[in-house]
S.K.: 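Let me give you the structure first, and then I'll get to my questions.
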Amino acid sequence: MPPSLGRAGNGGVAVKLISSRCDLQHVPDSYVLPPESRPGKEEFVLCENIPVIDLERDRAENVRQVLKAGQEFGFFQLTNHGVSKTLMTDVLEVAEGFFELPIEDKASVYSEDPKRSCRLYTSIDYDKEKVHFWRDSLRHPCHPVDEHVQSWPEKPVRYRELAGKYSVEVRKLSMLLLELIGEGLGLEPGFFERDELNRVQLMALNCYPRCPNPSLTLGLPRHRDVNLITVLLQGPVLGLQVLEDGQWLALQPLPGAFVINIGLALQIISNGSLRSAEHRVMTNRTLARMTVTTFIHPSGDCMVEPAKGITKNHNPPLYRSFLYKDFLSTYIVDTYEGEPPLKRYTL
Ligand code: OGA
Ligand code: NI
């Protein structure tokens, strides 16, 4: 534990971490959203349209389906994706185990410094935000595993082993999806294999504890992911909602499936052909929800722009070129100010 975190330090962290406050009977005022951003009602309307794609078909069919789902919804679920079911279950279990650790263990990983590569934090930016979100998150880089594993939590005991295996498997799947998308968009083979375009892989364990009144809170506010592509592993509890034609629709958890979501960087590279959809996370009155997300990002110095292979002839670029690190910082500022994240980049 860092020397600065004595008993009082742990106490502070214990109050901030929502996963350490399971005994709450009421939503504390600091988690009550203003009326216009509250979900308002607790029930979920299930989304029937978001496709479930079985990857065990021929390649041409996979290309067609993945592209279509990315264009129409920006979200899809994936079965027969090649990642072992046992590994998926084990990773969700070890993630739950992490949030059940004693506060001393969690406090040793807790940090409010966004520059720290591996850290546990709560909500989004606890000290700056007016209202907190009902989520704790452990986040760290994971590619290549050898370069980062030493920074990961040592507890639970199997954490490093399982997170390492899982990161490698999910990377293979993410690269396959990018390959299928590249093919569908008509890009040159190997387009997404450029190291700087896919170098950063972040893994996040999200814990959304039970909430006494889900109509007043959110686990995560409405947002679009900033990166290329996100692979989400969710347990059996409902919570993720996608905005479709002005309606919030819940994504049904399917055992053994991944939820895949197109990020803004990929929307830009595809020159708007693929869509990055808005989504949010509702809390649940009776059950805690656990998710493990993997984000594939370009490196900070990567120049991101609509792919030249797409923007010829009758398809002029809709977005200007930028350094990914600049995009990341404006994304955060604009998100705080309620500005659309692509406004500055749209031509
Ligand atoms: C995210 C996200 C959804 C979830 O981390 O960006 O949208 O269900 N997560 O945890
Ligand atoms: Ni998201």
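Keep in mind that what you see is a predicted model, and the values were worked out from it rather than measured. Atoms considered below: every heavy atom in the structure, side chains included; atoms not considered: hydrogens, waters and symmetry mates. When a ligand or atom number is given, it counts from 1 through the structure's own listing order.
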S.K.: Y31 and ring-ring contact (aromatic ring centres under 6.0 Å, His included): which single residue from Y126, W134, F133 fits?
M.R.: W134
S.K.: List the residues meeting ring pair (Phe, Tyr, Trp, His ring centres under 6.0 Å) with F258, not counting sequence neighbours, and say none if there are none.
M.R.: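 Counting only residues at least two positions away or on another chain, F258 forms a ring pair (Phe, Tyr, Trp, His ring centres under 6.0 Å) with H81.
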S.K.: Should you measure from each heavy atom of V281, which atoms of ligand 1 turn up under 4.0 Å away?
M.R.: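 That gives atoms 3 (C), 4 (C), 8 (O) of ligand 1.
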S.K.: Do Q252 and E48 have side chains that approach each other closer than 4.5 Å (heavy atoms only, starting at C-beta)?
M.R.: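 A side-chain contact under 4.5 Å is absent here.
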S.K.: With sequence neighbours left out, what residues match K41 under salt bridge (Lys or Arg N to Asp or Glu O under 4.0 Å)?
M.R.: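 By the salt bridge (Lys or Arg N to Asp or Glu O under 4.0 Å) rule, K41 matches no residue at all.
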S.K.: Side chain, backbone, both or neither: which part of Q234 comes within less than 4.0 Å of ligand 1 when only heavy atoms are counted?
M.R.: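 Within the 4.0 Å criterion, Q234 makes no contact with ligand 1.
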S.K.: Among residues at least two apart in sequence or on other chains, which ones pass side-chain hydrogen bond (donor to acceptor under 3.5 Å, both in side chains) with H140?
M.R.: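 Here the qualifying residues are W152, Y159.
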S.K.: Heavy-atom contacts with L220 under 4.0 Å: which atoms of ligand 1 show up? List them by number with element.
M.R.: 1 (C), 2 (C), 5 (O), 7 (O), 9 (N)
S.K.: Using a 4.0 Å cut-off to any heavy atom of H279, which atoms of ligand 1 qualify?
M.R.: 7 (O)
S.K.: Under 4.0 Å from a heavy atom of R289: give me the atoms of ligand 1 that qualify, with their elements.
M.R.: 4 (C), 8 (O)
S.K.: When you measure from the side chain of Q25 to the backbone N and O of D23, does any donor-acceptor pair fall under 3.5 Å?
M.R.: yes
S.K.: Could an N or O of ligand 1 be found under 3.5 Å from any N or O of R135, whether backbone or side chain?
M.R.: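 No.
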S.K.: Below 2.8 Å, which protein N, O or S atoms neighbour the Ni ion (ligand 2), ignoring water?
M.R.: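 Protein N/O/S atoms under 2.8 Å of the Ni ion (ligand 2): H223 NE2, D225 OD1, H279 NE2.
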S.K.: Among all protein heavy atoms in this structure, tell me which lies nearest to atom 5 (O) of ligand 1, with the distance rounded to 0.1 Å.
M.R.: F295 CZ, 3.6 Å
S.K.: If we only consider heavy atoms of R280, is any one of them less than 4.0 Å away from an atom in ligand 1?
M.R.: no
S.K.: Short N/O distance, under 3.5 Å, between Y208 and ligand 1?
M.R.: yes
S.K.: Among side-chain atoms of Q267 and S276, is any donor-acceptor pair under 3.5 angstrom?
M.R.: no
S.K.: Specify side chain, backbone, both or neither for N261, according to which of its non-hydrogen atoms lie closer than 4.0 Å to ligand 1.
M.R.: neither
S.K.: Which of the numbered atoms in ligand 1 are under 4.0 angstrom from any heavy atom belonging to D225?
M.R.: 6 (O)
S.K.: Is any side-chain heavy atom of F44 closer than 4.5 Å to one of L249?
M.R.: no
S.K.: Atoms of ligand 1 less than 4.0 Å from N206 heavy atoms?
M.R.: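 It comes down to these atoms of ligand 1: 5 (O), 10 (O).
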S.K.: Does L187 reach the side chain of F192, with side-chain heavy atoms less than 4.5 Å apart?
M.R.: yes
